[in-house]
Structure formats: structure tokens, C-alpha cells
Amino acid sequence: MKKKNKLLLIDGSSIAFRAFYAIPGSLDRFMNKNGLHTNALFSFHRMLENEMDKEKPTHVLVAFDAGKTTFRHAFYQEYKDGRSKTPSEFKEQMPYLRELLQGFGIPHYELDNYEADDIIGTLATHADPAEFEVVVVSGDRDLTQLAKENVRVDITIKGVSEIEENTPAYLMEKYGLAPHQIIDMKGLAGDSSDNIPGVTKVGEKTALKLLQEFGSVEGVYENVEDMKKSKLKENLINDKEKAFLSKKLATIDTDSPIEVKVEDLAYKGKDISKLIEFYKEMDFKSFLSKLDTTAHDAENQVKREAIDYEVVTEVTKEMFGEKGAVYLEMLSDNYHLADIVGVSWTNGAKIYVAEPDVALFSPIFQEWAKNPSNVKQVFDAKRTYVALKRYDIDLESIHFDILLASYILDTNDNSKDLSEVAMEHDYYDVASDESVYGKGAKISIPNDANVLYEHLARKAKAIAYLSEHLIAELEKNEQIELFYQMELPLSMVLAEMELTGVKVDAPRLLAMKTEFTARLQDIEQRIYQEAGEEFNINSPKQLGVILFEKMNLPVIKKTKTGYSTAVDVLEQLSAQAPIVDDILQYRQIAKIQSTYVEGLLKVIHGHTGKVHTRYVQTLTQTGRLSSVDPNLQNIPIRLEEGRKIRQAFVPSHEGWKMFSSDYSQIELRVLADISGDAHMKQAFIDGEDIHTSTAMRVFGIEKAEDVTSNMRRQAKAVNFGIVYGISDYGLSQNLNITRKQAQQFIDTYLDKYPGVKQYMEDIIKEAKKDGYVTTLFHRRRYLKDINARNFNLRSFAERTAMNTPIQGSAADIIKVAMIEMAKELKTHQLKAKMLLQVHDELIFEAPEEEIPALEKLVPEVMEKAVKLSIPLKVDSSFGDTWYDAK
DNA sequence: TCAATCACG
DNA sequence: ACGTACGTGATTGAA
């Protein structure tokens, strides 16, 4: 029979403790920005969600143990003695557990002198069986004594999510005991964790046997004289007092003087704002972003402030002010192609929403967009600019971009979702895109147009609000300049580069495709022959079986899931079987074919024959750009076979050339500058080959001619290592030498370059003190693990602390150069277009007659972009295709 | 959706 | 003793 009500009683103390140990080694991974451990909170949260979802209780309570002493101590001083001290990492989380419960809207209770068990026992026992079904959750088996017809006791087995459901029937089946006999079991067997003595030499097994025969502790002692002489009998008689004491200790008081009544425990749902506050404080970002979608049911609806907006079918002048926010909605990432499904904007006083055609084809809207005296605030300037450009609308005077600002404030805030960015900055009045449009393949405009309109209106409002708010944050971080002089202007430069696009010689790619297809088939057949069977060469799993099981080649490296078949492994196996070289060859060509030939063909825009990458400006942790759809920053160059792909990148006009300029050793130059190391600086000032120079110092060689190519190679690897945040292991892997030798190299290097050594030490110290490191232009990267106790996490953070200012400052420099370059092309009225940025190089297309001008202008601009204490050096080249610009 | 692999700086 | 070089994106196969 189904009961009207369900009461969920959670043993908070026990579950919290279990939660603390639930995920092994989780201690250092779960820490909030203030260094508070959060692992127990995280696991407790998961358990709560699971239970609430599964049980859907009408009433709920979390009970805690109160203080150290209980009524049990009154008759047994040693109760719970001998427990090891609770770790401070656990204790510090307990106050926040109560905050979590408040967020969930779950009451908690504790009672002086009593344990959580007693509170739970009292409530469970007295809940009217006609009305209440009761579920108890604990990590402590003792509580199974509470099981009865309407009371189920869930005990956590592993972690906090796997549970064993104890009903009287289950206990009978598993132990042959009724619930109340669990107490007798403790009486006889004791419990070392609570320091309950029990009878000497009697454990669970013996106790079970005795209880099956005599029913209870009392029963055992009524019959103890009749037992035949044995050690057990002797122990029972000697420990009679202990047995009864133990039974008393293990007995849950089901009549404790609690002041809560079941009726008070009615569940009223989550307190969303408290919960948001809690998630933010704990840095539980995934929960924060899920909150909207989990709040579908009406009773858990997120409470947002009401919003006033107008849906317009005609645009008038009064709708715009001198300053305002504008938002274009697109449901897919690629704004070069995506449909605009709605437009919203605000003039500061009122908010307007319009169907795309209403706004985009309105002369008044167009005029507002391109009038520089109307200042605009947006979310993702580049996206907005490019999308409007497709309608021939120039968006001028973008004054603020909350996505870009949010990224600058914290490189971890790089969500594409406006509501997430807003929440990161304490603004909660926008729904997540997922909750409005759905996710994955099911993304679509909501059936009710008003849902869309309100969503867009809220976005416009959020942009306007946050624009004002985030400027103050940038100021606090001394990042106003970084934002206004670098990132915001750069976003416009990037927009133009993306819109220009790069011409791709499709017939050339198609010819390559035909050739590669034939070669792949050829190698494929050979591999099958050598393997003696056909299999999927692209599957590392199947390949592993062939190589290491069928052919019995030695296993050199393993991955998490099986054998590693990565290049470095295969190269070591190459001598042992001809199949290995064929596989390497196959891999190489298959990669070029699928990623570059076919991949590029797929993204060529039909009418222009160009590819239009998107530079992601708000993603990397260092300040670099990234390039997607297609990625034009990883076009092959190292191996000739792949390098030929570059022949397909051509100028978009007849008689034009591809032109390329790249910084020479920019990262090492940056290191020389920021470390101030005298020797390194001198080498650059003197225009020396830096790797040769390093080899000379490290190997103690007088003349550059005497540096062998091998020495230079090793010195180069050490230089790389220094930039990456050196470790002996990493270097040893790279150079294929022992760790000892690698460490020797590093020690010598740091000896010879004391300025670098000092820098590495200082930057780590700085990171530990501030919690972040910065670049030349005040870009910031927070390193949450820099003070972690976990060696790996801490080491990684330390290497990052060393690397980020180097990589990040180099990124700053080329960004400045790009902005300058765009300006210069304009002022010199050159036809040349900047097309690509690949971290330390810029690629242009230009009429042949402009090449001499570029050869002078581009290096000059790049070298003078930023003044360092050492010179920057740029090399240039040009040719008919990207391949030839080498 | 994740892991493995490999392309780039 | 711990187990790693720094920063990315696309494709593939296997759940």
C-alpha cells in the first residue's frame, strides 16, 4: 500500500565523513579560490541530489551529532575513544555543510548529549506507519536496527552514491536476523570504531551463530551454563558485564527528548538564491550552470526579477540613446553562417526586442549601428560585428564587450553562454541558453515566441548592467589599458581577417585527395598482408591487439585503456617488424587526408572559394588566440608530405603573392627581457644564434665553430624546457637521456644563467603569494593549485607560473603588432590584407608590387610593437602560395 | 562524450 | 617518493 508521505532522515555526521573519503585523492582537486577544501561538500551534495531525486520525500531532515560527549559517556567513559583526530580539512567544511542544506531547503537538527542516530531513531520509530514511509540514510550499519515495516535503512557501501537498502526481509535473508537483533550482535561482537568492547574473541561470525541459536544477548546468558566447556563459554562468562554494556551502548534511543516534530519537516523546495550563493562560494561551476535546466518543474522555478520590454514590428529613432546595449541571437557557433533569429537592444531606459528582419532591414537601426556617436555595449564584439557585416551593416563604436572583459578578468571565464558569464559576476536574471533552446541536436527556437523575446530582452539588460559593473573590475586589476588598447581593438582586426578569409585552391586539394586515396589503399593492403588479417588500422585498440598480442611485439608504453601505439612507441619498434613502418606511413597520410585535405574541402565557402576561420579570443589561459573551423594555426609544415597542403593556400587575386613574417625566438627574447639575465640579453643584443650560444656556455666551449650539431640540438631542447617550466623528466624524455643527465643539464644551465634561475624562483614565489601571475601587459592567469599539497598539481602550477608570463607576453606583443599593422595598411593605403596569425607569425596577401613595401613595413612594425631591453627580430618571405612563402 | 592520436607554435 | 615538459583543435573509434 502506498503511503501518503515519505520521510527522509539523513545521518549528516556519518554521511559527511563518508563523503570526505568518497573520492580517493580528491583533497587537492577540490578547493575553492580561498583555499577551502570542498571535497566532502561536493560528495555530500551529490548524495543529496541522488536521494532527493530518487525518493522525492515529502518530509526531510538531516541530523547531526552534537558535541563530544553524549549520554552514553555517562555510563561508559571510553565510548568512542581511540578514534584518530578528525582531519582539519574535514572540520573546516562542516559549517558550509549547513549552508548547503539551507540552499536545498532541508532542515537540520542536533541535540545536546545525543547522537544523530538517536534523533533519527526517535523520528523513524514514532512516525505513524499509516501515514509515513520512512527512509534512513547513513554510513553506519548500526542504524539497520531501525528497520521495520515502514522504515527502510539505506547504508552507503562505496563512496556515497552506492547504497544497500536494508529492510527487515533483507536483513533476515542476509544475516538471518531481525532488526532488533543487530543490537545483540553489537553486544556480543562489539565495535572497534566506537570502542564498544563486546565479548573477547567474539566477532561477527560467532555472534551470528549464537544469535541464531539463542535469539538475544539475554538468551545467550540464560543458556550459557548448559553450553559445553569451551574457550568461548569461558569468555562469555567472563565478559558478561561487557556484553550487556555493549548492548546498551549500541542501542539507539528511540525516545530521545527531541523538540522537532515530523510535521515540521515538510519539504518546501530549494532556496535558489542561497544555493547560487553557495555554489559560487565553493566554485562549483558545473552545478551553477546546471541550475537553470534542473529547475524545469514549476515548484523549483528560478525566481528572476520581472522584466519590462517591448516587442516591436517597426523601429523608431526614440528607441536609441547615446549609449546602449545590443544583442544578436544565433543558435549555432559559426557566426559566418548562422542565421540571426532575433535582435534585442536597450537605450538604457527601455528594452526592445525584434524579429531579425524588422531590425536588420530597418534604415534607422542601420543608421544607429554605424553612427559613431552612438556608443554600443555587446556580448562578443567580434561575433556581433561579423554577423551584422553580413547584412552590410557596420557596427561602429563598440565601447564594451562583456565576454572579452570577463575573460581578461579571469581567463577561466570563457563560457559562450551569456548567462554563465553574468552569473560569474553576480547577475542572475538571465536564463541559460540550454534551458531556453535545448542542447545538442535538439537546439531550436522555443515554440512560445514570448519565451524567446523575454530571453533576448534579459540578455540586452544584462549586457548594459554588466558593462558598467565590469569596468570597475578592470580598473581594480589595472587592466583598463589591456582591454581598451589591446583586446577590444584587436577583436575588430580579427573580425576583418576572418571576413577577408583565405582563398583555397580546391582543385589542387582534390588532386591530392585522389593521390592519397590510392596510396592509402596500397599501404592498407600491405599492412593486412603483414598482419595476416584485415582490421581497422585507425583503431588503436585493434592495432594494439595485432601488434602486441598477435605479433608479440614488446609493450613499451601503456595508456589508461590499453597499449599505447603512439609515434614514439612505434618508432622504437620499427626495426622489429616491417608492419610498423607501414603503419607510421599510413597514419601520416591518413592524418593529412582526413584533417587537412577532406577537412579543408568541407569548410570552403561555396561562392567565394575561401575558408573563414574564427579566432577564439577568449579561450586560452595564456592570452594566445586559437583558431577553429578550420584551425589554420596547425597546417602541416614539419614534414614535406604535409607541408604540401600549404600549396593549396593561395592569394585571392591574380598577380598577388602570399607574404609571411615571423618573430625569431620571441619567447626566449621575452624571457631574456623579463628575467633580465645578463648573458642571455647579451647574446640577443649581439645577434648570436641563441641555441649555439647556450651550447657554448653550458658545454664550456670557446668558439662557436666548435659547437657540434648535437650540442646545439641538446641546448635547444634545454632552452625549450626552460620556456615550458623545466623538469628533469620532461627533458630526459625529449632528449632520450637519463633523468640524472637531464638534471645535470638543468643545473649547469641555471648556473650559467643566474638571472633565469632567479626569475624562476621569484615567479613561483609571486604566484604562491598572489595566486596568479601576469604578463607584460597585465594579463592575469590564476593558478589555483599553486599551494596544493598534492605534488603533481602543485608542480604543474609551478611550471605554468614559469611559462605563462613568457608565452603570454609573447602573445601580447604580436597582438599589439597586429593592431599597428592594420592601422599601417590603412594609412599607407595598401591593398595588402592581413589574413592569418599563427602565434609568432603574420601572413598576408598582397599585389606583387606591394611586396617591397611590405618587406620593409611589416618587420618594422612587428619589431617596434613593444620596446624591450633586447631587440626583437623578424624574418620575412613571400611566394605564390603559402608553401612558397618560406 | 571521452580517450587516443597527431597537426601546429 | 610522488610522475610531467607549455599552449591549442580535429578526427577517429568506442562506449
Side-chain angles (χ1 to χ4, degrees), chain A residues 25 28 411 414 439-440 535-544 557-570 583-584 586-600 602-603 613-616 619-639 641-643 645-646 662-667 671 717-735 739 742 746 773 781 788-808 810-811 814 836-841:
Chain A
D28 282 321
T411 48
N414 49 24
K439 68 168 178 178
F535 65 101
N536 189 342
I537 307 168
N538 285 319
S539 160
K541 198 177 167 191
Q542 293 181 35
L543 180 60
K557 204 164 73 179
K558 286 201 146 197
T559 65
K560 261 183 265 178
T561 53
Y563 313 109
S564 168
T565 66
V567 195
D568 57 319
V569 172
L570 294 187
I583 288 163
L584 284 167
Y586 180 92
R587 282 246 180 99
Q588 200 198 327
I589 296 172
K591 174 83 181 183
I592 300 168
Q593 179 79 311
S594 67
T595 305
Y596 298 103
V597 178
E598 293 171 347
L600 273 174
K602 258 186 258 174
V603 292
T613 187
R614 288 173 353 255
Y615 289 102
V616 187
L619 182 140
T620 69
Q621 296 302 304
T622 55
R624 274 189 175 183
L625 301 174
S626 92
S627 157
V628 293
D629 212 9
N631 179 357
L632 294 181
Q633 291 181 320
N634 71 346
I635 303 301
I637 189 165
R638 291 171 195 170
L639 300 171
E641 201 92 60
R643 190 174 194 159
I645 290 289
R646 295 181 175 227
D662 68 291
Y663 282 111
S664 155
Q665 305 296 353
I666 188 162
E667 292 193 340
L671 174 60
V718 176
N719 277 331
F720 264 93
I722 291 292
V723 168
Y724 291 157
I726 197 113
S727 81
D728 54 357
Y729 183 87
L731 184 64
S732 74
Q733 287 293 300
N734 195 287
L735 283 177
R739 248 167 85 164
I746 295 166
V773 289
R781 179 178 188 176
R789 261 168 300 279
N790 178 303
F791 176 87
N792 282 326
L793 287 175
R794 190 178 63 249
S795 301
F796 184 44
E798 287 172 357
R799 291 197 295 274
T800 317
M802 296 186 260
N803 171 265
T804 296
I806 302 172
Q807 192 182 112
I814 196 166
L836 299 170
Q837 187 252 43
V838 192
H839 310 307
D840 64 356
E841 80 181 302

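Here the structure is a predicted model, which means the values were calculated and not measured. We name chains A, B, ... by the order of the sequence lines, and we start the count at 1 in each one.
Nucleic acid contact for A:L731: base, since at least one base atom lies under 4.0 Å from a heavy atom of the residue. At the heavy-atom level, A:R794 lies nowhere under 4.0 Å from the strands shown. Contacts of A:G599 with the nucleic acid, taken as non-hydrogen atoms under 4.0 Å apart, involve only primed sugar atoms and P, OP1 or OP2. Base engagement by A:N734 is indicated by at least one non-hydrogen atom pair under 4.0 Å involving a base atom. Counting any heavy atom pair closer than 4.0 Å across all strands shown, A:V628 reaches sugar-phosphate atoms only and no base atom.
Closest heavy-atom contact between A:L625 and A:T620: O-CG2, 4.0 Å. Across all non-hydrogen atoms, the minimal contact from A:Q588 to A:L639 is NE2-CD1, 3.7 Å. Considering every non-hydrogen atom in both A:D662 and A:E841, the closest pair reads CB-CB, 3.3 Å.
Taking the salt bridge (Lys or Arg N to Asp or Glu O under 4.0 Å) definition, one finds that A:R739 meets it with A:D728, sequence neighbours left out. Checked against salt bridge (Lys or Arg N to Asp or Glu O under 4.0 Å), A:R781 has no partners two or more places apart in sequence or in another chain. Taking A:Y586 as the reference, nothing meets the ring-ring contact (aromatic ring centres under 6.0 Å, His included) condition, with sequence neighbours excluded. Partners of A:N792 by side-chain contact (heavy atoms from CB on, under 4.5 Å), not counting sequence neighbours, listed by chain and number: A:N790. The salt bridge (Lys or Arg N to Asp or Glu O under 4.0 Å) check on A:D629 picks up A:R614, with sequence neighbours excluded. Evaluation of the side-chain contact (heavy atoms from CB on, under 4.5 Å) rule for A:K557 yields A:S564, A:D568, A:V569 as partners, not counting sequence neighbours. With sequence neighbours excluded, no residue forms a salt bridge (Lys or Arg N to Asp or Glu O under 4.0 Å) with A:K439.
Reading DNA chain C from its 5' end, the first and the last nucleotide to sit under 4.0 Å from a heavy atom of chain A are C:dC2 to C:dA15.
Listed by first and then second residue, the salt bridge (Lys or Arg N to Asp or Glu O under 4.0 Å) pairs that reach into residues 799-808 of chain A come to none, sequence neighbours excluded.
Between B:dC6 and C:dC2, the distance separating the two P atoms is 28 Å to the nearest Å. Comparing the P positions of C:dG3 and B:dA7 gives an interatomic distance of 29 Å, to the nearest angstrom. A gap of 12 Å separates the P atoms of C:dT4 and B:dA4, to the nearest Å.
Atom CD in A:E667 sits 7.0 Å away from atom OH in A:Y724 (nearest 0.5 Å). A distance of 5.5 Å separates OG1 in A:T565 from CG in A:L570, rounded to the nearest 0.5 Å.
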Q: For DNA chain C, produce a single dot-bracket line, 5' to 3'. Pairs: Watson-Crick or G-U wobble, both distances under 3.5 Å. Symbols: ( ) within strand, [ ] crossing, | other strand, . unpaired.
A: .....|||||||||.

Q. Quick one: what's the B/S/- string for nucleotides 4-9 of chain B, heavy-atom cutoff under 4.0 Å, read 5' to 3'?
A. SSBBBB

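Contacts between residues 797-804 of chain A and DNA chain C, defined by a heavy-atom separation below 4.0 Å, involve A:R799, A:T800, A:N803, listed by number.
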